[in-house]
Amino acid sequence: MEITKIMLGELASNCYVQPVGNGKCVVVDIGGDAPVLFRRLGMLGLEPAAILLTHGHYDHIAGVEQVREKYDIPVYVHTLDAHMLTDGHANLGDWISTQPFQPVQAWETVEDGDTLQFGDNTFTVLHTPGHTSGSVCWRSGDVLYTGDTLFRMSRGRTDFPDGDDAKMLESFRKLKALEGEYRVLPGHNEESTLSFEKAHNPTMRGL
């Protein structure tokens, strides 16, 4: 599966573009720099059908509203993080950015186990709280979009407001229990595989 990674925003968060057929795609997290994403989509010849969010922090949602408005497409976020889409204090934008936050004007909420279908691609919600209460991983085929939950050889921070270390460990147990091989596409830095993380990630090895 040809997935395009684009680093966007002030913290260079990973945005992913996954084609779903017929010139359409799904975009996972948009941390800012919407014009950069527009140009890349034009180069790829793709138009978004939806935006999927791994969580509600500013560095993953700052460019969402511009993209949502341009293409008039749905935005999906876990129920527990939905309030962050309009609150610059809750999403940490007031602390980590000098740019004005553009609140998201419309979204749809998801829960653990929900599935969305775009073309021949199914996206399943895995609720993985810890970094935030509403953090999720999105599973599509052999791909896991892990946001700020699972990184290569690391894990997301739990010291921000709404973080919870005990919940993060439970989320790691949930991911470790998944059978099969998956590409791990995290919210920052380079990709990995679930088998590599099971074998080498310090947190997973300790469970």
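- Within the 3.5 Å criterion, the main-chain N or O of Ala49 finds no donor-acceptor partner in the side chain of Lys24.
- Looking only at distances, no side-chain donor or acceptor of His127 sits under 3.5 Å from a matching main-chain atom of Val110.
- Gly31 and Ala62 get closest at one heavy-atom pair: O-CB, 3.4 Å.
- The closest side-chain heavy-atom distance from Val125 to Thr115 is not below 4.5 Å.
- Note on Val28: it does not cluster hydrophobically with Ile73, by side-chain heavy-atom contacts below 4.5 Å among ILVMFWY residues.
- Interatomic distance, Glu108 CD to Tyr76 OH, rounded to the nearest 0.5 Å: 4.0 Å.
- Between the CG atom in Leu150 and the CE atom in Met168 there is a gap of 9.0 Å [rounded to 0.5 Å].
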Before giving the answer on side-chain contact (heavy atoms from CB on, under 4.5 Å), spell out for Tyr16 and Val27 the whole-Å C-alpha distance, their side-chain angles and the decisive distance to 0.1 Å. CA-CA 6 Å; Tyr16 297 101; Val27 181; over 6 Å; no
Could you give the side-chain donor-acceptor pairs of residues 6-13 under 3.5 Å, partners two or more places apart or in another chain?
residue	atom	partner	partner atom	Å
Glu10	OE1	Ser97	OG	2.7
Glu10	OE2	Ser97	OG	3.4
Ser13	OG	Asp59	O	2.7
Ser13	OG	Asp59	OD2	3.2

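- The number of heavy atoms from other shown groups lying within 6.0 Å of CD (Glu2) does not exceed 12.
- Under the 4.5 Å side-chain contact rule for hydrophobic residues, Ile51 and Val104 share a cluster.
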Assess the residue pair Thr149 and Leu175 against the criterion (side-chain contact (heavy atoms from CB on, under 4.5 Å)); give the C-alpha distance rounded to whole Å, side-chain angles, the decisive distance to 0.1 Å, and a yes or no. CA-CA 10 Å; Thr149 297; Leu175 294 175; 4.2 Å; yes
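- Within the structure, every pair that satisfies the side-chain hydrogen bond (donor to acceptor under 3.5 Å, both in side chains) test and touches residues 198-207, not counting sequence neighbours, is listed here: Glu197-Asn201.
- Look at Asp112 and Lys174 and you find a salt bridge, because one of the NZ, NE, NH1 or NH2 atoms lies within 4.0 Å of a carboxylate O, short of that distance.
- Residues Leu194 and Leu126 are members of one and the same hydrophobic cluster, defined by side-chain heavy-atom contacts under 4.5 angstrom among Ile, Leu, Val, Met, Phe, Trp and Tyr.
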Yes or no on side-chain contact (heavy atoms from CB on, under 4.5 Å) for Leu185 and Thr146, after CA distance, side-chain angles and deciding distance? CA-CA 6 Å; Leu185 301 183; Thr146 58; over 6 Å; no
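- Both Trp107 and Val67 sit in one connected hydrophobic cluster of ILVMFWY residues. Membership requires side-chain heavy atoms under 4.5 Å apart, directly or through other members.
- The side chain to side chain donor-acceptor pair (under 3.5 Å) search around Asp94 returns none, not counting sequence neighbours.
- For Asp159, the side chain to side chain donor-acceptor pair (under 3.5 Å) partners are Arg157, not counting sequence neighbours.
- Listed by first and then second residue, the salt bridge (charged side-chain N to carboxylate O under 4.0 Å, His left out) pairs involving residues 113-133 amount to none (not counting sequence neighbours).
- Between the CD1 atom in Ile61 and the CD1 atom in Ile30 there is a gap of 10.5 Å [rounded to 0.5 Å].
- Of all the heavy atoms in Pro186 and Phe151, the pair that sits closest is CB-CD2, 3.7 Å.
- Here the closest heavy-atom approach between residue Arg183 and residue Ile3 is recorded as NH1-CD1, 4.1 Å.
- Partners of His83 under the ring pair (Phe, Tyr, Trp, His ring centres under 6.0 Å) rule, at least two apart in sequence or in another chain, do not exist in this structure.
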Kindly indicate, with the supporting measurements, whether the criterion ring-ring contact (aromatic ring centres under 6.0 Å, His included) is fulfilled by His55 and His131. CA-CA 9 Å; His55 64 293; His131 184 63; 4.9 Å; yes
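- By the 30° and 60° cut-offs, the orientation of the rings of Tyr145 relative to Phe123 is parallel.
- A donor and an acceptor atom, one from each side chain of Ser135 and Thr132, are located under 3.5 Å apart.
- Checked against the 6.0 Å centroid threshold, His188 and His60 count as a close aromatic pair.
- A distance-only check finds a donor-acceptor pair linking the side chain of Glu65 to the backbone of Gln105 [under 3.5 Å].
- Interatomic distance, OG1 of Thr193 versus CD of Glu191, reported as 9.0 Å (0.5 Å rounding).
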Please table the atom pairs, donor to acceptor, closer than 3.5 Å between any side-chain atom in residues 136-144 and protein atoms at least two apart or in another chain.
residue	atom	partner	partner atom	Å
Trp138	NE1	Leu53	O	3.0
Ser140	OG	Gln18	NE2	3.0
Ser140	OG	Thr122	O	3.3

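- In this structure, Pro100 and Tyr58 approach most closely via the heavy-atom pair O-OH, 4.4 Å.
- Qualifying side chain to side chain donor-acceptor pair (under 3.5 Å) partners for Thr4, counting only residues two or more places apart in sequence or in other chains: none.
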For Asp164 and Thr158, run side chain to side chain donor-acceptor pair (under 3.5 Å): C-alpha distance rounded to whole Å, both residues' side-chain angles, the deciding distance at 0.1 Å, then the answer. CA-CA 5 Å; Asp164 189 308; Thr158 58; over 6 Å; no
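- A 4.5 Å side-chain heavy-atom check between Thr109 and His78 finds every atom pair outside the cut-off.
- Follow the hydrophobic side-chain contacts under 4.5 Å out from Val64 and you reach Leu92 in the same cluster.
- In this structure, the side chain of Asp81 engages the main chain of Gly56 through a donor-acceptor pair within 3.5 Å.
- Counting side-chain heavy-atom gaps under 4.5 Å among Ile, Leu, Val, Met, Phe, Trp and Tyr, the cluster of Met153 also holds Phe196.
- The residues Lys167 and Asp162 are annotated as not salt-bridged, no charged nitrogen and carboxylate oxygen being separated by less than 4.0 angstrom.
- Listed by chain and number, the residues in a side chain to side chain donor-acceptor pair (under 3.5 Å) with Glu170 are Arg173 (sequence neighbours excluded).
- Applying the salt bridge (charged side-chain N to carboxylate O under 4.0 Å, His left out) test to Glu190 and every residue at least two apart in sequence or in another chain returns Arg152.
- Separating the OG1 atom in Thr54 from the NE2 atom in His57 is a distance of 10.0 Å, to the nearest 0.5 Å.
- Phe118 and Val20 make their closest contact through O-CB, 3.4 Å (heavy atoms, listed as atom of the first residue, atom of the second, distance).
- Listed for the Ser171 side chain is a donor-acceptor partner under 3.5 Å among the backbone atoms of Pro129.
- Annotation: salt bridge (charged side-chain N to carboxylate O under 4.0 Å, His left out) contacts of Arg39 (sequence neighbours excluded): none.
- How far CZ of Phe38 is from CD of Glu47: 11.0 Å, rounded to the nearest 0.5 Å.
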Check step by step if side-chain contact (heavy atoms from CB on, under 4.5 Å) holds for Leu41 and Val17. CA-CA 8 Å; Leu41 291 171; Val17 177; 4.0 Å; yes
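- Taking both residues in full, the closest heavy atoms of Ser133 and Leu80 are given as O-CD1, 3.6 Å, listed atom of the first, atom of the second, then distance.
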